[in-house]
2 protein chains.
Amino acid sequence: MTRRVTSFDVAARAGVSQSAVSRVFSGASASKATVEKVREAAEALGYRPNVLARSLITGRSRIIGMVVAYLGNPFYPDALERFSREFQDEGYHTLVFTLPEGAEDTDTDRIIQQMLDHQVDGIVLASVGLGDALAARCEAAGIPVVLFNRGQEGSGLAQVTSANRVGGAKVADFLVAGGHTRIGHVAGWQGSSTGRDRTEGFVARLVELGQDCVGVEDGRYDHAEAVRVTDVLLDKGVDALFVGNDHMAFAVMDHLRCTLDLSVPNDVSVVGYDDVPMAAFAAYDLTTVRQPVGRMVKATVEALINQIEDKSAHAEVTEIDGPLILRGSARRPEGME
Amino acid sequence: MTRRVTSFDVAARAGVSQSAVSRVFSGASASKATVEKVREAAEALGYRPNVLARSLITGRSRIIGMVVAYLGNPFYPDALERFSREFQDEGYHTLVFTLPEGAEDTDTDRIIQQMLDHQVDGIVLASVGLGDALAARCEAAGIPVVLFNRGQEGSGLAQVTSANRVGGAKVADFLVAGGHTRIGHVAGWQGSSTGRDRTEGFVARLVELGQDCVGVEDGRYDHAEAVRVTDVLLDKGVDALFVGNDHMAFAVMDHLRCTLDLSVPNDVSVVGYDDVPMAAFAAYDLTTVRQPVGRMVKATVEALINQIEDKSAHAEVTEIDGPLILRGSARRPEGME
DNA sequence: CGTGATTTTGCACACCTATGCAAAATCACG
DNA sequence: CGTGATTTTGCATAGGTGTGCAAAATCACG
C-alpha cells in the first residue's frame with residue numbers, strides 16, 4: 001500500500017508551492033498558468049484533497065446528520081433515498097443516526113454528542129416520533145436544523161411539512177360530499193404536530209359543514225393500536241373513517257375486510273394520508289392525501305443549505321400542499337371522477 | 001460561540017502534558033493517578049476528542065460506507081435501519097451512498113471516489129442491483145468490502161446471503177406436496193446471484209421430484225415486468241407461481257385477483273421470497289421464504305469489522321438459512337399445519 | 001540503600017490542508 | 001519607462017490529535 005499523495009507531492013511536480021495547490025483545489029484565485037500546471041500534476045499523480053484535513057481546518061465537514069426512527073412506514077425510506085441523492089448532488093453526504101426503540105433522554109444525548117463529534121454541518125430530523133428535547137438540543141449546539149414532516153410551534157426552528165390542516169379539511173369535504181353521515185377518525189399520534197394538525201383541520205371542517213365527528217381515537221401511528229381503536233369507532237356505527245396515515249389505513253382495511261368481513265367502501269369508506277407507493281397497489285387502492293415527498297425533500301435540503309452557507313438566513317416554516325388522490329377505498333360523490 | 005476545548009486545555013487544567021490526555025482517551029497505558037486527574041478535568045471542561053483530527057492521524061474514520069439502490073423494496077429499509085443500529089453499537093457510523101437510477105460507470109467511479117475521500121473504513125454493498133464493477137473497484141481500493149444479499153462467485157469478496165438455493169428447493173417441495181402439477185416461476189432478476197440461485201434451487205428440485213417447470217420468466221425485480229410475465233405464464237396454464245421476491249409477489253397477486261378476477265390460492269397458489277413485514281398483512285397473507293434480516297445484518301457487520309480490525313482475516317462466504325413461512329396465499333399439503 | 005527492570009511521562013513531530021500576511025509579479029496608464 | 005494599483009505567490013502557521021523516543025519515575029528485590 002503506497003503512501004497517500006499529498007498537496008506537497010503535487011506542488012513539487014508542478015514546480016509551485018503547496019499553498020498554490022491548495023488554492024487551485026479550493027477555488028481561490030490563481031493564474032491561468034498555475035491552474036494548468038497544478039491540474040496536470042494532480043492528474044498524473046492521482047491526487048485528491050484529503051477531506052479530513054480540509055474539514056479539520058475549515059471546521060466544515062460537508063456532512064449532514066440525518067436522524068430517523070421508524071423506517072417501517074414506507075414514507076420514510078422514500079424520503080431518505082431522495083435526501084441522500086439531493087445532498088450528494090449538492091456535495092454533501094448523509095450520516096444516518098437511528099434512535100433506539102424506547103428512546104431515552106440518555107440516548108438522545110448520545111446521538112447529539114456523536115453528531116457534534118463528527119462536526120456535521122447540519123441536521124435533518126426526519127420523523128414525527130422524535131422528541132422535542134432532541135430538536136432543542138441540536139439547536140442549542142448551534143448547528144442548523146430542519147425538521148422534516150414535523151412541526152414545533154414557537155420553537156423558531158425551520159420546518160417543512162405538508163399542509164396538514166388543509167389536507168385534513170380536504171378529506172372532510174370529500175367524505176361529506178360523498179354522503180357520509182357517521183364519520184369517524186383514527187387519528188395520527190396526537191403527540192406529534194402532523195397528527196394533531198390533520199385531526200384539527202379535519203374536525204374543524206366537519207363542524208363547519210354541520211357535522212360532528214362521531215369519534216376521534218388516537219391510533220398512535222401504530223398498526224395494532226389502529227386496529228384496536230377501529231373497533232371502538234365501529235361500535236359507534238361509523239360509515240366512513242379518516243385514518244391518520246396510510247400505514248395505519250392498511251391495517252384498518254385489513255381488519256375491516258379480512259377479520260370483520262366488511263366491504264370497503266360499501267360498508268365503510270376509508271381515506272388515508274401520505275400516498276405511499278403501496279397505496280396505489282390494487283389490493284388497497286387507497287384514497288388518500290398525497291404528501292409531495294419530492295418537493296418536501298427539496299425544500300428541506302434548500303432550507304438547510306441556506307442556513308449552513310448563510311448563517312444569517314433565518315428559519316423558515318414551509319408547508320407544501322398536496323392533492324387528494326381519488327381511488328377505490330372510499331365512496332365518491334356523484335359525478336366526481 | 002466559544003472556542004472548542006482541546007486536549008491542551010484539559011492537560012493544562014489537569015497539570016499533565018497533552019500526550020497524557022491523548023493516551024487516556026485512546027486507551028493507551030497511563031497511571032491510575034493521571035487517568036483520574038484527566039478524567040476529572042475533561043469532565044469539568046466538557047472535553048471530547050476531535051474525531052476529525054483523530055481520523056486524520058490514525059487513518060481510520062470509524063465510518064462505514066453503505067451503498068444502496070432500491071429502497072422501494074421494503075426489505076432494504078429494514079436492513080438499513082438494523083445496520084445503522086448495529087454499527088452505532090460498535091462505535092461506527094453509516095454514511096449512505098445512493099446510486100442514481102441508470103447507474104453508469106462514471107457514477108460508480110464518483111461514488112467510490114467519494115468513499116475514498118471520506119476514508120471509510122469499510123463498505124457494505126447492499127443491493128442486488130449493484131454492478132460487479134463497483135465491487136471490484138472497492139476491493140481494488142484496498143478497503144474491506146462485504147456484499148449484503150448478493151453474491152459474486154470467484155470474486156474472493158466476503159458476502160452474506162440467505163440460503164437461496166435451499167430456499168428455492170423448499171418452495172418446490174412445498175408446491176409439489178400441495179398437489180400442484182403446472183408450476184411456473186416469475187424469477188428474480190437473472191443478472192443477480194440471488195435471482196439466479198433461487199431459480200436454480202427451485203428448478204433443480206422440481207426436476208428431482210419428476211416435474212418440469214412449466215415456464216421461467218425473468219421478472220427483473222420490477223413490478224410492471226412481473227405483471228407482464230405473469231400473463232405469459234398464465235397462458236401456459238399454471239396453477240402455482242413461485243415469485244422471486246415478495247415485492248413482485250404483491251404485484252402478481254394484485255394482478256391475479258383484481259385485474260383477472262382469479263382466486264389466490266384457489267385458482268393459483270403464490271409463494272414469495274423475503275418475508276417482508278407486508279407479507280403478513282391480511283390483504284396478501286403471503287406464503288414466503290423468510291430471509292432472516294437480523295441475523296444477516298449481524299453476520300455482515302461482524303465480518304466487516306473483523307476485516308477492518310484484523311487485516312489478515314480473509315473473506316468469508318456466509319449463507320443463512322430461513323424457514324418457509326406458511327400463510328394463506330398457497331394451498332397447503334394435506335395435514336400440514 | 002543500590003541496582004536493574006519496568007512503567008509512566010513529556011517532548012517533538014507527523015498527519016494534510018487552508019489562510020493571513022507580506023513580498024513579488026503583473027497590469028494599467030500617463 | 002515610471003509609478004501606483006492589483007493580482008499572484010510563497011512562507012509560515014494553525015487546526016487537534018496520536019505516537020516514537022528518550023528521560024524520568026516507579027517498582028522489585030537482594
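Everything numeric here is computed off the predicted structure, so don't read it as measured data. Protein chains get the first letters and strands the later ones, always in sequence-line order, with residue 1 at the start of each. Only heavy atoms go into these numbers, but all of them, side chains included; no hydrogens, no water, no symmetry mates.
Not one side-chain nitrogen or oxygen of A/S26 sits closer than 4.0 Å to the OP1 or OP2 atom of C/dT19. OP1 and OP2 of C/dT9 both lie 4.0 Å or more from every side-chain N or O belonging to B/S17. Contact check, B/S19 against C/dT9: no side-chain N or O comes under 4.0 Å of OP1 or OP2.
Taking a cutoff of 4.0 Å between a charged side-chain nitrogen and a carboxylate oxygen, A/D78 and A/R82 qualify as a salt bridge. Salt-bridge annotation for A/R85 and A/E81: present, with a side-chain N of the basic residue lying under 4.0 Å from a carboxylate O of the acidic one.
Contact annotation for B/V21: no contact, since no heavy-atom pair falls under 4.0 Å across all strands. Using a 4.0 Å heavy-atom cutoff across all strands shown, A/F8 reaches at least one base atom of the nucleic acid. Counting any heavy atom pair closer than 4.0 Å across all strands shown, A/T34 reaches sugar-phosphate atoms only and no base atom.
Residue B/A30 places its side chain closer to C/dT9 than to any other of C/dC15, D/dT19, C/dT9. Of all nucleotides listed (C/dT17, D/dT17, D/dG10), D/dG10 comes nearest to the side chain of A/A20. For B/V16, the side-chain atoms get nearest to C/dG10 when compared with the rest of C/dT17, C/dA14, C/dG10. Which of C/dC15, D/dT17, D/dT19 sits closest to the side chain of B/L56 comes down to C/dC15.
Rounded to whole Å, the distance from CZ on B/R62 to P on D/dG18 is 12 Å. Computed from coordinates, the A/R4 CZ to C/dC16 C1' distance equals 9 Å when rounded to whole Å. Taking atom NZ of residue B/K37 and atom P of nucleotide C/dT8, one finds them 13 Å apart after rounding to whole Å. Atom CD in A/Q18 sits about 14 Å away from atom P in D/dT13, given to the nearest Å. In this structure, A/N50 atom CG and C/dA14 atom C1' are separated by 13 Å, rounded to whole Å. Between the C1' atom of D/dT17 and the CZ atom of B/R60 lies a distance of 15 Å, rounded to the nearest Å. Following rounding to the nearest Å, B/I57 (CD1) and D/dG16 (P) show an atom-to-atom distance of 14 Å. The nearest whole Å value for the distance from the CG atom in B/D117 to the P atom in C/dC16 is 14 Å.
For C/dG30, the paired base is D/dC1 (Watson-Crick or G-U wobble, both distances below 3.5 Å). Using the Watson-Crick or G-U wobble rule with both distances under 3.5 Å, D/dA25 pairs with C/dT6. For D/dT17, the paired base is C/dA14 (Watson-Crick or G-U wobble, both distances below 3.5 Å).
Both B/V51 and A/R23 sit near DNA chain D, but only A/R23 has its closest nucleotide nearer the 5' end. Comparing A/R54 and B/K32 along DNA chain C, the residue whose closest nucleotide (by nearest heavy atom) sits nearer the 5' end is B/K32.
Residue B/L147 holds its CG atom at 11.0 Å from CG of B/L304, rounded to the nearest 0.5 Å. Rounding to the nearest 0.5 angstrom, the gap separating the CD atom in A/Q113 from the CZ atom in A/R110 is 11.5 Å.
Aromatic ring pairs are classed by plane angle as parallel below 30°, tilted from 30° to 60° and perpendicular above 60°; the pair A/Y76 and A/F148 is perpendicular.
Put simply, the side chain of A/S22 and the base of C/dC16 share no donor and acceptor less than 3.5 Å apart.
Taking the six-membered ring for Trp, B/Y70 and B/Y221 have ring centres at least 6.0 Å apart.
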